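Hydrogens, waters and symmetry mates are skipped; everything else that's a heavy atom, side chains included, is used. In this text, all values refer to a predicted model and were calculated from it rather than measured experimentally. Each ligand, and each atom within it, is numbered from 1 in the order the structure gives.
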Amino acid sequence: MKQVLDTLHSQINQLNPNVKLMCVSKTHPFKAVESAYNLGERLFGENRVQEVDLKYPKPDKRSKDLELHLIGHLQSNKCKKAVELFDSIDSVDSIKVLNKINNYATNLDKKIDIMLEYNSSMDENKTGFETYEEIKEAALLATSYKYVNLKGLMTIGPLGGNEKQIRSAFKLVREIKEKLENELNIEIQELSMGMSGDYKIAIEEGSTIVRVGTKIFGNRDYSK
Ligand SMILES: *Cc1c(COP(=O)(O)O)cnc(C)c1O
């Protein structure tokens with residue numbers, strides 16, 4: 001794992017030294033998270049609330065500097081747990097979920113970071129806001145809420161797309177970010193784009209966080 005991480009970091013640094021690496025540990029045991037942590041990684045992504053509930057120590061028992069983000073679709077009945085378990089919810093894809101997150105965060109008196117997810121590949125099977133107007137409405141609401149901090153936008157590139165398609169999907173989300181910043185007069189810090197197969201293109205198109213799973217932890221076994 002050390003060699004893979006070293007290589008990844010040097011590739012990322014060459015393209016843009018400000019880009020952060022998120023280690024996506026879904027389906028892998030907590031031991032794998034600890035190994036990466038012991039090699040210096042601090043940012044982790046998981047895509048299921050239930051899995052994190054079973055796999056990780058409770059938030060107050062985790063290493064203080066371990067930062068855990070939810071990157072998978074969040075059902076509205078899991079919002080409360082998600083607010084309790086994660087430092088950031090990067091996959092906010094509806095106003096309904098955004099409202100629930102703010103309500104639970106208010107009840108818990110816990111300020112939580114969020115990102116809005118955009119469906120940049122127009123894939124029916126994927127989640128995320130699908131038009132600029134929708135994501136703008138969500139961004140406007142988010143900035144009016146006291147307990148959510150709009151930290152960024154997230155997208156999943158078109159899986160199986162060619163380089164041109166992938167690049168234009170990432171470019172689209174970067175442009176949406178810039179448009180939101182201008183029209184709402186806000187600053188959106190992060191652009192979470194790029195996975196094992198397309199992180200280089202994502203960085204070239206302005207990503208600030210790449211979410212890498214397979215390349216670090218190996219193939220996932222969903223049979224268990
Ligand atoms: C699983 C997952 C990743 C990591 O994908 P790899 O191809 O294994 O690097 C990144 N982002 C999201 C949203 C994921 O669900």
Side-chain angles (χ1 to χ4, degrees), residues 1 3-9 11-12 15 19-30 32-33 35-36 39 41-53 55-56 67-75 78 82 85-94 97 113-130 135 151-163 165-167 169-170 172-174 190-224:
M1 188 187 285
Q3 207 185 334
V4 175
L5 284 171
D6 285 347
T7 307
L8 256 174
H9 280 293
Q11 285 175 341
I12 292 170
L15 292 163
V19 171
K20 289 176 279 240
L21 173 65
M22 179 186 288
C23 302
V24 178
S25 41
K26 67 184 187 219
T27 76
H28 296 284
F30 189 67
V33 175
S35 302
L39 290 168
E41 300 305 322
R42 293 295 179 267
L43 180 58
F44 292 85
E46 288 278 348
N47 74 339
R48 294 184 61 228
V49 175
Q50 190 87 354
E51 183 177 335
V52 166
D53 201 14
K55 185 160 113 182
Y56 281 68
E67 193 178 321
L68 185 60
H69 291 220
L70 178 64
I71 59 173
H73 175 64
L74 176 58
Q75 291 166 286
K78 302 246 169 71
L85 294 176
F86 291 88
D87 300 299
S88 177
I89 300 173
D90 299 356
S91 45
V92 176
D93 59 7
S94 72
V97 162
D113 289 341
I114 63 145
M115 296 193 202
L116 299 174
E117 184 178 356
Y118 195 76
N119 183 350
S120 58
S121 46
M122 287 302 142
D123 181 338
E124 281 177 31
N125 299 316
K126 290 220 197 92
T127 50
F129 293 97
E130 292 187 345
I135 202 164
K151 202 70 189 280
L153 303 185
M154 170 180 136
T155 199
I156 300 175
L159 301 178
N162 61 37
E163 181 178 334
Q165 291 164 322
I166 295 169
R167 198 175 284 285
F170 291 150
L172 172 71
V173 181
R174 193 224 315 143
E190 310 287 3
L191 256 187
S192 174
M193 321 194 286
M195 313 183 3
S196 287
D198 55 16
Y199 64 92
K200 288 183 196 161
I201 303 173
I203 294 172
E204 285 166 2
E205 294 304 329
S207 171
T208 66
I209 297 176
V210 291
R211 309 178 305 268
V212 181
T214 311
K215 222 180 156 82
I216 300 171
F217 298 107
N219 287 328
R220 289 181 283 273
D221 179 2
Y222 287 100
S223 64
K224 283 184 233 152

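Smallest separation of non-hydrogen atoms from Phe129 and Asp93: CZ-C, 3.5 Å. In this structure, Val210 and Ile203 approach most closely via the heavy-atom pair CG1-CG1, 3.8 Å. Gln50 approaches Lys78 most closely through the heavy-atom pair OE1-CE, 4.1 Å.
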Run the salt bridge (Lys or Arg N to Asp or Glu O under 4.0 Å) test on Glu205 and Arg174 for me, step by step, so that the C-alpha distance in whole Å, both residues' side-chain angles and the decisive distance to 0.1 Å come before the verdict. CA-CA 7 Å; Glu205 294 304 329; Arg174 193 224 315 143; 2.9 Å; yes
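Within 4.0 Å of ligand 1, the residues that place a heavy atom are Val24, Lys26, Asn47, Ile71, Met154, Ile156, Met195, Ser196, Arg211, Val212, Gly213, Thr214, Arg220, listed by chain and number.
Applying the side chain to side chain contact (heavy atoms under 4.5 Å, CB included) test to Glu51 and every residue at least two apart in sequence or in another chain returns Lys26, Glu46, Arg48, Lys55.
Counting non-hydrogen atoms of other residues, nucleotides and ligands closer than 6.0 Å to CG of Asn219 gives a total of 12 or fewer.
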